[in-house]
There are 2 protein chains.
Amino acid sequence: MEKYEKFGTKEKILDSALESFSTSGFDATSLDVIAKSLGVRKQTILYHFTTKKGLLNAVVERAAENLIDSIEEVLNSDLKGWERIEALARMIFRLALREPLLLGLLREVSRPGSVGSERLKILMTPLMDRATLWMQSEMRVGRMRRTDPRLVILSAYSTVVGLATEIEVLRAAGIEQALRPVAIRRRELMRFLRVSLDPDYLQSR
Amino acid sequence: MEKYEKFGTKEKILDSALESFSTSGFDATSLDVIAKSLGVRKQTILYHFTTKKGLLNAVVERAAENLIDSIEEVLNSDLKGWERIEALARMIFRLALREPLLLGLLREVSRPGSVGSERLKILMTPLMDRATLWMQSEMRVGRMRRTDPRLVILSAYSTVVGLATEIEVLRAAGIEQALRPVAIRRRELMRFLRVSLDPDYLQSR
DNA sequence: CTATTTCCTTACCATTTGGTAAGTTTAACT
DNA sequence: AGTTAAACTTACCAAATGGTAAGGAAATAG
């Protein structure tokens, strides 16, 4: 019987759980199945995370760290106004493509009332507040059009989440080269953001 | 003990199941709970639908009938080319607003691999084929730009499904007046369709 | 070498789940 | 009235699930 490799059991559990949660959903995920797939007993999982919900929270948390790090990177750049937003959007789409499981998890956890949606809310609220404040200050100095920041942010958010559905649906329909729709979505989101926020953007009504 | 009302038990089961499936999901839905909420025994449900999956299929089927009827109505109108598409899009958004549970169900059932996704596929395929054929013929006579019809249709589809997420997320964030985002989405979808399909539409690149 | 903590296992359990089998009641038909 | 079929119920059950309790191995510390 081989002994425990360098990347600890805990990490492997998280990986496997992410996969299962994001593709099959929380309820359809069985601790026994995860354990078996790792050649480990269910109680090992419960030892590390005490409860199934705890496991989900840990998965969400790790994913959020991943995301927040990437966001931080953009925020620490010296991009201003519109360019900053554009960079953020690009970053998120890049991340979504590189790490599709994150999208699936986001989708799973986004349904209000679902287990883990509270956790998501807790993690997102600071980001949301920060973004809101920044946008408001940008609006004050006229670098941004005046609108409801929350509405814009949440719409952008749900565009990204919706992307998960789209990619999966297209793949299920046998359309493998799914990059084009993603690019289209990104363009759409950009336009939406531009129309909503960029004061220098000429509007066609 | 009151006796069975005019709208039979079967219909009431379907109503309740639709509600539960579309808000809590398939796995999180328990037959016992549905039964209890209707003041009926679980075996009554199984008598009418033999299995849980059968119940889901019946729910999906009824919802699809609902949808297909509405589609049929538009298709039987004498609208041509672009106007026809616009009418379809309007109809779907109207339906989605009037019957939010349908959106939730669609969302639940859209995830590939989910129980009921096969059924959805079976129901959608004829519609899809019909739409594809029509679009191809429109393309041949030059009333529509040449693109991949499936891609366009599926993108439109996932926009609508994504709407379910968006509405729920906004509501969870306490934004009640959720009509504006819906209108925005519809405009976006229209523009997407127009850009993809309308040969007379001036493109800005 | 011993004590302790970390990590993981065996054993067990209460509950819930979808589902089967076999009535029982109600309505419909003849 | 008697037969039949439909609609529901009571009685059960096997399987799976998340979780508790307690103990064993293995590394680490003293």
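Proteins come first, then strands; the chains are lettered A, B, ... in the order of their sequence lines, and each starts at number 1.
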**Q** For S196(B) and F192(B), indicate whether the former's side chain and the latter's backbone hold a donor-acceptor pair under 3.5 Å.
**A**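 Yes; judged by distance alone, with no hydrogens or angles, the pair exists.
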
**Q** With distance as the sole test, does E108(B) use its side chain to make a donor-acceptor pair with the main-chain N or O of F26(B) at under 3.5 Å?
**A**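 Present.
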
**Q** Measure from CD1 on I45(B) to C1' on dT9(D) and round the result to the nearest Å.
**A**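 Rounded to the whole Å, the gap is 13 Å.
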
**Q** Does OP1 or OP2 of dT9(C) have a side-chain N or O of T44(A) closer than 4.0 Å?
**A**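 Checking dT9(C) against T44(A), a side-chain N or O does come within under 4.0 Å of OP1 or OP2.
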
**Q** Under 3.5 Å, is there a donor-acceptor pair between the side chain of R185(B) and the main chain of T159(B)?
**A**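 The answer is no, because no donor-acceptor pair under 3.5 Å joins these two groups.
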
**Q** Looking only at side-chain N and O atoms, does H48(B) come under 4.0 Å of OP1 or OP2 in dA6(D)?
**A**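 For dA6(D), neither OP1 nor OP2 has a side-chain N or O of H48(B) closer than 4.0 Å.
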
**Q** Please confirm whether the backbone N or O of P112(B) pairs with a side-chain atom of K121(B), one donor and one acceptor, at under 3.5 Å?
**A**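 Checked: no pair found.
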
**Q** Grab the CZ-C1' distance between F49(A) and dT6(C) for me, whole Å please.
**A**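 After rounding, the gap between these two atoms is 15 Å.
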
**Q** In whole angstrom, give the distance that lies between atom NZ of K36(B) and atom C1' of dC8(D).
**A**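 It is 17 Å, rounded to the nearest whole Å.
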
**Q** Taking CD1 from I34(B) and C1' from dT16(C), how many angstroms apart are they, rounded to a whole number?
**A**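 After rounding, the reported distance stands at 15 Å.
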
**Q** The side chain of Y47(B) lies closest to which of these nucleotides: dC8(C), dT10(C), dA7(D)?
**A**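 So the nucleotide nearest the side chain must be dA7(D).
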
**Q** Is S114(A) reaching over with its side chain to a backbone N or O of R111(A), donor-acceptor style, under 3.5 angstrom?
**A**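 Judged by distance alone, yes, a pair lies under 3.5 Å.
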
**Q** Can you measure L38(B) atom CG to dC8(D) atom P for me and round it to whole angstrom units?
**A**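 It works out to 11 Å between those atoms.
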
**Q** Find the distance between CG (D32(B)) and CZ (R41(B)) and round it off to the nearest 0.5 Å.
**A**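 Rounded to the nearest 0.5 Å, the CG-CZ separation comes out at 10.5 Å.
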
**Q** Any protein N or O atoms within reach of nucleotides 17-19 of chain C? Criterion: under 3.5 Å, listing atom names and distances.
**A**
from: dG18(C); atom 1: OP1; to: T29(B); atom 2: O; distance (Å): 3.2
from: dG18(C); atom 1: OP1; to: K52(B); atom 2: NZ; distance (Å): 2.8
from: dG18(C); atom 1: OP2; to: L31(B); atom 2: N; distance (Å): 3.2
from: dG18(C); atom 1: N7; to: K42(B); atom 2: NZ; distance (Å): 2.7
from: dG19(C); atom 1: OP1; to: T51(B); atom 2: OG1; distance (Å): 2.8
from: dG19(C); atom 1: OP2; to: T51(B); atom 2: OG1; distance (Å): 3.2
from: dG19(C); atom 1: OP2; to: K52(B); atom 2: N; distance (Å): 2.7
from: dG19(C); atom 1: O6; to: K42(B); atom 2: NZ; distance (Å): 3.4
from: dG19(C); atom 1: O6; to: Q43(B); atom 2: NE2; distance (Å): 2.9

**Q** E11(B) has an atom CD; how far is it from atom P of dA7(D), in whole Å?
**A**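 Computing the E11(B):CD to dA7(D):P distance gives 13 Å.
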
